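These numbers come from a predicted model, not from an experiment. The chain is numbered in sequence order, starting from 1.
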Amino acid sequence: MRLLTYFIGCSVDGFIAGPDGQCDSSGFDGDLKAAILAEYPETIPDHVRRSLGVVSTANRRFDTVVMGRGAYESSLAANVTSPYPYLRQYVFSSSLEQPAPDVDVVAGDPAEFIRGLKQQPGRGIWLCGGAVLAGQLLGEIDELIVHRYPVVFGKGIPLFHTSFGPAVFTLTGSRIFTTGATVTTYTKP
């Protein structure tokens, strides 16, 4: 069965973006950048891959990406309608029109949809964000890979936006990078 992995960057205080979607990837340089490009190249948007000269790099772990409307709209703000053309792309939204031929809009229940995807053949499924969708899919997430940047936002969009209900994960890996960033991996027991 395919796994759903929430692979996400955040601040030290657990925010994936500022209150108005602002991002600060301080620490995404040097050895962390090299590690992500080597191990998770498919998580880099196409327009960024082009600027880095790694367009033809093969996918390593994922063949599908799922994202909430807010996460997808950050691409639209950069005039990018297909941020991950080398992955099967799904955007969860009840009001978004079909934005690009290779981006599918899903209006139904995210958890039910993910359960169906997990039954299909293929590689891993990457939950790109955002916090509302991550909260809706918390029960379906098999693995968390969180890279924390050495910056404090103080306020913003949390990793998960959901009601209180502790979900237990097991620490399975932790790495520290020279930039001050960390990558921590947790799996569902």
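- A heavy-atom distance below 4.5 Å is found between the side chains of Arg115 and Asp109.
- Nearest heavy atoms, Val103 versus Pro99: CG1-CG, 3.8 Å.
- In the hydrophobic clustering of this structure, Leu37 groups with Leu32; members are Ile, Leu, Val, Met, Phe, Trp, Tyr whose side-chain heavy atoms approach within less than 4.5 Å, directly or through other members.
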* To do: Would you check, one step at a time, whether the test side-chain hydrogen bond (donor to acceptor under 3.5 Å, both in side chains) holds for Asp31 with Thr178?
  => CA-CA 7 Å; Asp31 53 349; Thr178 59; 2.9 Å; yes

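- Both tests do not hold together for Arg61 against Phe7: distance to the six-membered ring centre under 6.0 Å, angle to the ring axis within 45°.
- Between His161 and Ile157 the shortest side-chain heavy-atom distance does not fall below 4.5 Å.
- Arg60 pairs by the salt bridge (charged side-chain N to carboxylate O under 4.0 Å, His left out) definition with nothing, not counting sequence neighbours.
- For the pair Thr64/Tyr90, a side-chain contact is recorded, criterion being any heavy-atom separation below 4.5 Å from C-beta on.
- The aromatic rings of Phe113 and Phe92 stand perpendicular to each other, their planes meeting at an angle above 60°, with 30° marking the opposite boundary.
- Closest approach of Pro110 to Gln136, counting heavy atoms only: CG-OE1, 3.5 Å.
- Remark: Asp102 does not engage Arg88 in a salt bridge, criterion side-chain N to carboxylate O under 4.0 Å.
- Residues Lys118 and Asp142 are in side-chain contact: their nearest non-hydrogen atoms beyond the backbone lie under 4.5 Å apart.
- Ala71 and Gly130 make their closest contact through CB-N, 3.9 Å (heavy atoms, listed as atom of the first residue, atom of the second, distance).
- Annotation: the span from Arg69 atom CZ to Leu96 atom CG amounts to 4.5 Å, rounded to 0.5 Å.
- Side chains of Gln120 and Arg2 form a contact here, defined as non-hydrogen atoms less than 4.5 Å apart.
- Between Leu3 and Ile125, the closest side-chain pair of non-hydrogen atoms is not below 4.5 Å.
- Pairing each heavy atom of Pro83 with each of Gln89, the nearest pair is CD-OE1, 3.2 Å.
- When hydrophobic clusters are built by joining Ile, Leu, Val, Met, Phe, Trp and Tyr residues whose side-chain heavy atoms come closer than 4.5 Å, directly or via intermediates, Val106 is grouped together with Ile114.
- Taking the six-membered ring where the residue is Trp, the centroids of Trp126 and Tyr6 are separated by 6.0 Å or more.
- A pairwise comparison of heavy atoms in Pro41 and Arg49 identifies O-NH1, 3.0 Å as the closest pair.
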Atom pairs and distances, side-chain donor-acceptor, residues 182-189, under 3.5 Å, sequence neighbours left out:
unit_1, atom_1, unit_2, atom_2, d
Lys188, NZ, Gly139, O, 2.8
Lys188, NZ, Ile141, O, 2.8

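- Following chains of ILVMFWY side-chain contacts shorter than 4.5 Å, one can reach Tyr86 starting from Met67, so the two form part of one hydrophobic cluster.
- Taking both residues in full, the closest heavy atoms of Ala167 and Leu138 are given as CB-CD2, 3.9 Å, listed atom of the first, atom of the second, then distance.
- Residues His147 and Ile36 are in side-chain contact: their nearest non-hydrogen atoms beyond the backbone lie under 4.5 Å apart.
- How far CD1 of Ile16 is from CD1 of Ile8: 4.5 Å, rounded to the nearest 0.5 Å.
- Taking the side chain as every heavy atom from C-beta outward, Ile44 and Tyr84 never approach each other to under 4.5 Å.
- A salt bridge does not link Lys155 to Asp13: none of the charged nitrogens lies less than 4.0 Å from a carboxylate oxygen.
- Atom CG of Leu52 has more than 12 neighbouring heavy atoms from other residues, nucleotides or ligands inside a 6.0 Å radius.
- The cluster map of Ile, Leu, Val, Met, Phe, Trp and Tyr, joined by side-chain heavy atoms under 4.5 Å apart, puts Leu171 and Leu159 in the same cluster.
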